[in-house]
Amino acid sequence: MTVFGWILTHKVIVLLIATSAAFCVCTIALGVNVSKLKNELDEEKRKNDEDDVVTTTLSTTSTTTEEPSTDMSKYRLPTNVVPTLYDLYLYPYLDTGLFKGTVIISVNVTEAAWSIVLHTNKLNITSVSVKGEQVNFEINDNYEIITITKKDGTQFTSTFDSISIQFDGDMKDRLVGLYTSSYTSLGNTTTIATSKFEPTYARQAFPCFDEPNMKAKYIVHLLKPKQSNYIALSNYPVSKTESYDDSSDLVTFEETVSMSTYLTCFIVSDFTYTNTTFENDGTLTPLRVYASPGNIDKTTYAGETAKKVIEYYVTYFGIPYPLPKLDMVAIPDFVSGAMEHWGLVTYRETALLYTDSTHSSSNKQRVATVIAHELAHSWFGNLVTMDWWNDLWLNEGFASYIEFKGTDAAEPTWNMMSQFQTSDLHPVLSLDATLSSHAIVVTVTTPDEITSIFDTISYNKGASILRMLEDTVGETNFQKGVKSYLEKYAYGNAVTKHFLDEIQSVIGSTFNISEMMDTFTAQMGYPIVNVTYDATTGNYTLTQKRFLKDPDATYDTSNITYGYKWTIPITYVSDQGKSTEKIFFPYNEESIQIKKPDGVQWLKFNFDQIGYYRVNYDNEQWQTLINRYSELSVMDRTHLIEETFSIAEAGLLSYNIPLDLTRQLVNETSYTPWSVASSKLQAIHTYLTDSSQSTLFKDYIKQIVSNAYNNFTWVENDSDDHLSRLSRLVVLSLACVAEDSNCLNEAQSKFNSWIDDTSQTLSQDLRSIVYKYGMVNADESTWYKLLEIYEAESDANEKLKLINGLANVKNTTLLEKLLELTKDTTVVRSQDYFTVLGYISVNTAGTDLIWDFVRNNWEYLVDRFTLNDRYLGQLIRTITSSFSTAERLAEMQAFFNQYPDAGAGASSRKTALETVENNIRWLERYKSTVESWITELNEN
């Protein structure tokens, strides 16, 4: 069945007027009668192939491909016509991968309008009418809009009530909009239809007002196969199911609350579910976890965790979960980790499916944290939505912080709040110390710009400054302010000021919340606080400046309101405990002084690294803190390791300080300090690859990790807690990186035993390291054997571990084979494509291979994924992160000149160049210092 001409094939008169190749006009009379719609659709479905009549649009239409102008307002919709209700019919055909639909949009005209403008992209519009009358319409592909005008040239007024649009499209070979996904079981492939709309992809499924502040209600009708095992899901429960024809049913869902287009979701599948309920302010709300039939046994943990998390949120926010049901669905092909569609949350299988017998502790934590993140969106983002994408952090920053509270409620032994440092704070402190960063609140207009800010700044920096704000105002006040904000703007939209005003109203006039927070949201970057101590007066003097990895970087401050200065909440901890006084370092003060408390022996600023700033001391104070390392909390120890290395990298501290600090790791057993130390030591190990001191540095790593290695060993115990299991993997991995013979031999031995007999049980926590190091020197037959195991494996998490092993082989011929296989979506799903390229690029034998491949196949990549794909945009930054020569930098610049249109990857390109420049500078400035330290240590 075709999708061109599927309605009213009887009584159609066609007039085609040819103009230019870029512009055609088609005129046909139409009066849409909604009550006749289903009968007409049935008629066309039966006689489609019998008709000799050519059908086309039933209105006056034109398509233009004018070049985007510099007038960014063309990307935004007028505000004089807003939707109130979508009555949406979608007909996805799983056998062909095509779909068609009709949407009747009830609108409110707030001001007389000459035209109605809404969004459409990659859809074939076949008919448009307003109140049953034919209209003219023009589609602009560049701006992704359709403009509707009356044939008589008069205005639209508040007297009309609906727009009816008929359309069709293609679901195949895509991961956004309405698309097909599939899974294979017992050799049979099953296709499903699903959707992903954030941020600007709802317009690829149906014409709509695709902006977050144009909320409306929805009545959804979905076509599904008649077989009893097939179901249709949407945001709300099913209202009724009617027979559509001999092979299909039409499922109608209850009318929703008002919500943004990007939160709608439609799924047609043969999935099954596990079922539970959660306490929701005195009532029980159904909670289901859906997956393909073969994965249903992996949904139990997700349901148990979601129940604990959402019950905690209902109590914490003091606002009931607003919808009548909550479904969570594991999708085989999904571009993001998960998506918070209201009432129908969708996930990658790796982010929702888990069992103790098949998945690792890190997999388990991933599932819990992603669930906690997405369910937090039910309030932050769904109930209250940012007014425009400029304030995306109100959605993602909140969910990224609150997820730690939610996960902690579900898994209190994991010490999640301490893990915030390594998972969220440290990555953004690295990115935000570059000139290619951006402010949290940033002006975006185009779809590419919007897509690009779903990044570390919106998520991690947003979360980090909320953590700092909560610590500053107190947990109780923060919670009260959050509740007030959510209640005041429920079912509406908000901007950053609205949230800050609610926090301010709770704390009163104690201090100015906006003044402090605006310095962190309105400008990029963050400060480093330099501390000097006067033993005579007992005073610490604090000054501040912007922290950058490149100490010689220049930038313009003329248009920056705060001149890259910040109002900083200063905290400290000493041998007498944490400070209780509130100390602020105003952005407009050159310095402040803090009196050392009586009897205090030592003092460390920025307690538990909660403040979004760095602290630098003179060498004597640093040495004092190093000597007191064991007296500090786990978070403060983690802070010192990350801080000293980062400040040294910026040339503001001798590398002797962080290297001396690593000697304290000999007796360290906690997860987060080792996580940071492993990352920093491996970075130096990479820098010293061609150094005469490389072997001595690896010997040093083996020395300081030996106690932890012997403590954790390769032997797991049932009594091991979650953090011990995570620590074991970090420690063993670092030992193997340092080429510890015991570690490498053990990994190889375990791999050899397993590959010879895969029926053996291999630890789910250790198998990733076993696959990786067991495959380093694998021969061709072993590699192909692992490839067969990978291809036969159905679990998404296990497949990633296996393919990482395949990517770690040093044989470049085999890496080339793997690279070729990635093009086959039956071998590597599109969602995993960039992950696999990243795996190969990390392998020193594959770095050049991937760089050459990407440059030579850029047009293929753009054609396959589009420039709007933020993961394609981030690819260059990923695969060039280890480059450290002027020749490589020149190659990158030449490539960017050859392909200047970066789409959603524009900022990532800048970061990639800065990263390589920083690598070059490190070798020029710091390599000799590190080598001297190693030499001196070895001589002593």
Side-chain angles (χ1 to χ4, degrees), residues 94 175-176 178-186 188-198 224 229-235 265-276 286-310 325-360 362-375 377-378 403 407 410 764 793-801 825 828-832 835:
L94 303 183
L175 288 174
V176 295
L178 183 65
Y179 69 95
T180 57
S181 177
S182 65
Y183 69 91
T184 301
S185 177
L186 301 177
N188 298 316
T189 299
T190 301
T191 300
I192 71 168
T194 186
S195 64
K196 199 276 186 182
F197 294 156
E198 189 180 35
K224 77 170 189 68
N229 60 316
Y230 272 86
I231 59 172
L233 298 172
S234 191
N235 304 80
C265 186
F266 320 113
I267 299 175
V268 176
S269 73
D270 67 338
F271 287 2
T272 53
Y273 63 86
T274 51
N275 190 40
T276 185
L287 167 62
R288 293 177 173 178
V289 186
Y290 288 83
S292 58
N295 281 316
I296 199 63
D297 63 326
K298 302 174 186 176
T299 61
T300 303
Y301 177 72
E304 294 170 348
T305 301
K307 174 181 173 67
K308 295 173 185 176
V309 168
I310 203 160
K325 60 99 173 175
L326 172 60
D327 296 332
M328 305 195 302
V329 190
I331 306 296
D333 300 279
F334 200 71
V335 67
S336 303
M339 177 59 210
E340 66 269 18
H341 307 113
W342 215 358
L344 183 58
V345 188
T346 50
Y347 299 79
R348 279 197 190 191
E349 290 183 338
T350 54
L352 191 67
L353 304 179
Y354 171 84
T355 66
D356 288 333
S357 60
T358 58
H359 296 89
S360 68
S362 60
N363 294 150
K364 186 176 187 178
Q365 183 166 307
R366 168 72 173 161
V367 168
T369 54
V370 174
I371 288 173
H373 180 100
E374 301 308 324
L375 297 189
H377 275 306
S378 293
E403 76 178 64
T407 308
Q764 58 265 40
E793 179 59 55
S794 60
D795 184 83
N797 272 305
E798 182 67 6
K799 287 183 80 73
L800 286 177
K801 294 168 189 171
T825 56
V828 176
R829 293 181 184 272
S830 290
Q831 66 178 10
D832 298 322
T835 300

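Note that these values count all heavy atoms, side chains included, but never hydrogens, waters or copies made by symmetry.
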Item to check | Pair Ser360-Asn363, side-chain donor/acceptor within less than 3.5 Å | outcome: yes
Checklist entry - Which residue, Asn295, Thr191, Thr189, Asp270, forms the side chain to side chain contact (heavy atoms under 4.5 Å, CB included) with Tyr183? => result Asp270
Among residues at least two apart in sequence or on other chains, which ones pass salt bridge (Lys or Arg N to Asp or Glu O under 4.0 Å) with [X]?
X	value
Asp333	Arg829
Lys308	none
Glu198	none
Lys196	none

From [X] atom [atom1] to [Y] atom [atom2], the distance as rounded to the nearest 0.5 Å:
X	Y	atom1	atom2	answer
Glu798	Thr358	CD	OG1	8.5 Å
Thr190	Asn229	OG1	CG	8.5 Å
Leu352	Met328	CG	CE	5.0 Å
Tyr354	His359	OH	NE2	8.5 Å
Tyr301	Leu353	OH	CG	13.0 Å
Lys298	Thr274	NZ	OG1	13.5 Å

Partner set under side-chain hydrogen bond (donor to acceptor under 3.5 Å, both in side chains) for [X], not counting sequence neighbours:
X	answer
Thr194	none
Asn235	none
Ser830	Arg864
Tyr179	none

Next on the checklist: Do Tyr347 and Ile371 have side chains that approach each other closer than 4.5 Å (heavy atoms only, starting at C-beta)?
Outcome noted: yes
Checklist outcome for this item: Across all chains, not counting sequence neighbours, the side chain to side chain contact (heavy atoms under 4.5 Å, CB included) partners of Tyr273 are Asn275, Arg288, Tyr290
If you compare all heavy atoms of [X] against all heavy atoms of [Y], which two are closest, and at what distance to 0.1 Å?
X	Y	value
Thr407	Ala372	OG1-CB, 3.4 Å
Arg348	Phe334	NE-O, 2.8 Å
Val370	Ala351	CG1-CB, 3.9 Å

Using atom types as modelled and distance alone, determine if a side-chain donor or acceptor of [X] lies under 3.5 Å from a backbone N or O of [Y].
X	Y	result
Ser292	Phe271	no
Lys224	Ser269	no
Gln831	Pro332	yes
Glu374	Glu340	yes
Glu349	Asp795	no
Thr299	Ile296	yes

Next on the checklist: Evaluate Thr346 against Ile267 for side chain to side chain contact (heavy atoms under 4.5 Å, CB included), listing each step before the verdict.
Outcome noted: CA-CA 10 Å; Thr346 50; Ile267 299 175; 3.8 Å; yes
Could you list the residues that satisfy ring pair (Phe, Tyr, Trp, His ring centres under 6.0 Å) with [X], not counting sequence neighbours?
X	result
Phe197	Phe266
Tyr230	none
His341	none

Checklist entry - Leu326 and Ile310: side chain to side chain contact (heavy atoms under 4.5 Å, CB included), yes or no, with the steps? => result CA-CA 10 Å; Leu326 172 60; Ile310 203 160; 3.6 Å; yes
